[in-house]
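This report refers to the structure that appears directly beneath it.
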Amino acid sequence: MLDRRFIRENPDAVKEAVRVKGIGLDVDELLRLDQVARELQRELDDAQTLRKSSSKEFARAGEARRAELRAQHAELERQLRKLREQLAATSERLQELLLLTPMIPWPGAPVGPDDSANVTIRTWGTAPDFGFQPLDHVELLEKRDWAEFARARKVSGERAYALKGDMVWLERALHSYALSLLAGRDFTLISVPSLVREEPLTGTGQFPAHREETYAITADDLYLAGTAEVALVGLHSGEILDFKTLPIRYAGISPCFRREAGSAGRDVRGLLRVHQFEKVEQFVICAADDGESDRWHAELLSAAETLLQGLGLHHEVVECATGDMGAGKYRMNDINTWFPSLGRFRETHSCSSLHDWQARRASLRYRGTDGTVRFAYTLNNTAIATPRLLAALVENYQTEDQRVRVPEALRPYLGGRDLLLHGLGGRHTARWCANAASHAGNRGRLCARHAGVVRCEAWNSKPIASPKSPGAPSPRSTGAMSQ
RNA sequence: GGUGGAGUCGCCUAGUGGCCGAGGGCGCACGCCUCGAAAGCGUGUGAGGGGGCAACCCCUCCGUGGGUUCAAAUCCCACCUCCACCGCCA
């Protein structure tokens, strides 16, 4: 959302932004409504001044004068009511249009209607050279019994999935890895609600333009957010922050839900485009300073690149075109990661600067060093979104015998293992995990030492549950997991 | 889910129909005092919109939205949030 005064004073810049971003908005109608609303407001102010002063007179007046004033007020009240109704109708329509106004894109953005106009600005690494026929992530996961697709779809319909065994640990490792890196960069880790009200969705810019993308819980007037950003903006909406608390840096973690309404039939196979996923999101609230915002943009982008480089994943950074970046963005850079099965890059990260567009919607302000109140600037970027990145990881790290090597950076989160090979059907199953958990650190390393070995002595010597009796609890349902 | 209580200017609080857009304290800013500081004293200190070259003026906002009234922070209704207790529950 843009400032009404700015729109009034820079109609051409706004119209140009509407054009290059391909937004359906009649700026002239908006200007007209703005004009009408201001005139109505002025009339209303005048009428109210009159009402106030004669009410004051009423208190001191005699009976005859009071009767006069009552009659005068009845008339005045009719006028006020009419003006208020007109103003309400005008403002409502005006607000609808204001919510559609786009951020003016930065001058360096390629101009084009969609992502075909995006420009690659750098590439890191190289595509893996397998020397064998690699599988796609679905084949690999099914082969190792690392996921359920058909069965999950019985439960939840299309695009559903269930990760199993080591894939669960690997997914968690990716998130832990991202959280560690961001914590090291002074981001505050925060887990936020996915179940949100309408207001924060309007605040971030999801509503009204992308309402159809969002799951609605109609019984309770709640929605399932597609990103932690919604809650992160919402946390501070309506606030006036002290400049001393800025910049606020969050590593927000949440389940994310997307209807993918506009993508019916696309990427229906596997883990690339799912309705429910897990994401660690980088989010920054900073002062309304273009230079500072630019620095944070670079910082967020760099954090994501560092994460991917730590994972050794081939990727490219893209400068997004005006038509691809969305209404609220000042600048957007996607990072696309290499998927061997596709033979190309796919978007895994999206880094955006919104300047005060989002803060204005959410009324997220701060008091600056000079005491003036201003809308803050916000930025966000993916840190890790799984299972899409998980799919990239297993595809890039698969071995000829359908195991998955573990990149160095993730080993600390996987008990030191350098190879994942356990499907549930194997002798040494995902119970490794249960063992590691039950040995709580001291014995857990025993299991780690046996990683990759077909028989684990820890498992043999101290079974958690009898594997033969059908009614016996499975290892994963024992102990601390039971609640 | 039930019952009871509460939401006022960054924080605490006064305020049951007009003298209240709102008093006091804390905090904060500036000044005096001081070698410097503390204490003390003085002044100032919410947001949004509109008008004016300017000094300044006008309107709106006491959780949100309605209503009653000539007039609402104050009375009525609905909703939201918080607190306490009961019930249920991971």
Side-chain angles (χ1 to χ4, degrees), chain A residues 1-9 30-31 33-95 98-99 191 193-203 217-223 231 234-246 248 255 285 288 356 359-376 476-483:
Chain A
M1 188 162 79
L2 295 172
D3 180 20
R4 271 170 78 179
R5 204 174 313 157
F6 175 86
I7 300 169
R8 211 177 291 149
E9 288 164 5
L30 194 159
L31 290 166
L33 287 168
D34 172 59
Q35 175 77 18
V36 171
R38 282 194 300 153
E39 278 161 17
L40 286 170
Q41 184 69 58
R42 218 166 306 156
E43 286 180 53
L44 190 64
D45 284 357
D46 290 345
Q48 249 150 359
T49 309
L50 195 60
R51 192 186 61 157
K52 267 179 103 162
S53 63
S54 68
S55 269
K56 285 210 164 76
E57 189 188 342
F58 185 94
R60 303 182 301 267
E63 259 325 302
R65 179 66 182 144
R66 285 191 173 188
E68 253 177 69
L69 285 170
R70 274 203 193 88
Q72 208 184 76
H73 262 260
E75 172 55 30
L76 200 53
E77 198 54 45
R78 267 195 296 281
Q79 236 186 74
L80 277 167
R81 190 176 293 272
K82 196 170 143 222
L83 282 169
R84 270 199 284 264
E85 276 165 14
Q86 285 176 339
L87 182 61
T90 308
S91 301
E92 195 183 327
R93 178 68 186 142
L94 178 63
Q95 188 62 18
L98 280 171
L99 286 175
S191 73
S194 303
L195 199 55
V196 298
R197 297 169 187 270
E198 176 160 6
E199 290 75 34
L201 284 158
T202 304
I217 315 281
T218 51
D220 298 290
D221 281 328
L222 290 169
Y223 300 85
L235 284 177
H236 293 290
S237 72
E239 295 189 4
I240 299 178
L241 300 164
D242 192 298
F243 72 90
K244 293 190 201 87
T245 66
L246 301 181
I248 292 176
I285 302 170
D356 61 3
R360 176 167 276 112
R361 294 173 154 253
S363 189
L364 200 176
R365 295 170 294 175
Y366 72 102
R367 192 180 305 278
T369 44
D370 59 355
T372 62
V373 174
R374 249 175 292 203
F375 290 106
R476 279 159 297 155
S477 68
T478 58
M481 311 284 276
S482 67
Q483 69 162 354

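In what follows, chains are A, B, ... by sequence order, proteins preceding strands, each numbered from 1. Atoms considered below: every heavy atom in the structure, side chains included; atoms not considered: hydrogens, waters and symmetry mates.
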For the P atoms, the ones on U13(B) and on G7(B), what distance do you get once it is rounded to whole angstrom?
9 Å
Please report the distance separating the C1' of A72(B) from the corresponding atom of C20(B), rounded so that it comes out in whole Å.
11 Å
Do any side-chain nitrogens or oxygens of Arg365(A) fall under 4.0 Å of OP1 or OP2 in G48(B)?
yes
C26(B) and G44(B), which share atom name C1', separated by this distance in whole Å
16 Å
Among C59(B), A71(B), G48(B), the one nearest Glu77(A) by side-chain distance
A71(B)
In terms of side-chain heavy atoms of Gln41(A), which of C59(B), C70(B), A47(B) is nearest?
C59(B)
With heavy-atom distances below 4.5 Å as the criterion, would you say the side chains of Ile7(A) and Leu98(A) are in contact?
yes
Heavy-atom side-chain proximity of Leu222(A) to Val196(A) below 4.5 angstrom
no
Arg66(A) (side chain) donor-acceptor with Phe58(A) (main chain) under 3.5 angstrom:
yes
Which listed nucleotide (C59(B), U81(B), C70(B)) is nearest to the side chain of Arg70(A)?
C70(B)
All N/O pairs under 3.5 Å across the protein-nucleotides 15-22 of chain B interface:
| from | atom 1 | to | atom 2 | distance (Å) |
| --- | --- | --- | --- | --- |
| G18(B) | N2 | Ser55(A) | O | 2.9 |

Find every protein N or O atom lying less than 3.5 Å from an N or O atom of nucleotides 51-57 of chain B, and list the pairs.
none

With rounding to the closest Å, how many angstrom separate the C1' atoms on C19(B) and A55(B)?
28 Å
Taking atom P in both C79(B) and G1(B), compute the distance separating them and give it to the nearest angstrom.
12 Å
What distance, rounded to whole Å, do you find between the two C1' atoms, one in A73(B) and one in U16(B)?
10 Å
Donor-acceptor pairs under 3.5 angstrom involving side-chain atoms of residues 82-93 of chain A: please list them, not counting sequence neighbours.
| from | atom 1 | to | atom 2 | distance (Å) |
| --- | --- | --- | --- | --- |
| Arg84(A) | NH2 | Glu77(A) | OE2 | 3.3 |
| Thr90(A) | OG1 | Gln86(A) | O | 2.8 |
| Ser91(A) | OG | Leu87(A) | O | 2.7 |
| Arg93(A) | NE | Glu29(A) | OE2 | 3.2 |
| Arg93(A) | NH1 | Glu96(A) | OE1 | 2.8 |
| Arg93(A) | NH2 | Glu29(A) | OE1 | 3.3 |

Separation between the C1' atoms of G18(B) and G66(B), rounded to whole Å:
23 Å
Distance to the ring centre below 6.0 angstrom and angle to the axis at most 45 degrees; does that hold for Arg367(A) and Phe243(A)?
no
Decide yes or no for Ile248(A) and Leu241(A): does some side-chain heavy atom of the first lie under 4.5 Å from some side-chain heavy atom of the second?
yes
Salt bridge (charged side-chain N to carboxylate O under 4.0 Å, His left out) between Glu68(A) and Arg65(A), worked out:
CA-CA 5 Å; Glu68(A) 253 177 69; Arg65(A) 179 66 182 144; 2.7 Å; yes
What is the distance, rounded to the nearest whole Å, between atom CZ of Arg367(A) and atom C1' of G46(B)?
7 Å
Nearest-Å distance for atom pair CG/P, residues Leu94(A) and G49(B)
13 Å
Under a 4.0 Å threshold between the charged nitrogen and the carboxylate oxygen, would Glu75(A) count as salt-bridged to Arg78(A)?
yes
Among G50(B), G46(B), G67(B), which nucleotide has an atom closest to any side-chain atom of Arg5(A)?
G50(B)
Do the side chains of Glu199(A) and Thr202(A) get nearer than 4.5 Å, heavy atoms only?
no
Interatomic distance at P, G4(B) relative to C58(B), whole Å
45 Å
Between the side chain of Ser363(A) and the main-chain N/O of Arg360(A), is any donor-acceptor distance below 3.5 Å?
no
Between CG of Asp45(A) and P of G48(B) the distance, given in whole Å, is 17 Å
Applying a 4.0 Å non-hydrogen cut-off, can you work out what Arg197(A) is touching in the nucleic acid: base, sugar-phosphate, or nothing?
sugar-phosphate
Length of the CD-P vector between Gln72(A) and A71(B), whole Å:
12 Å
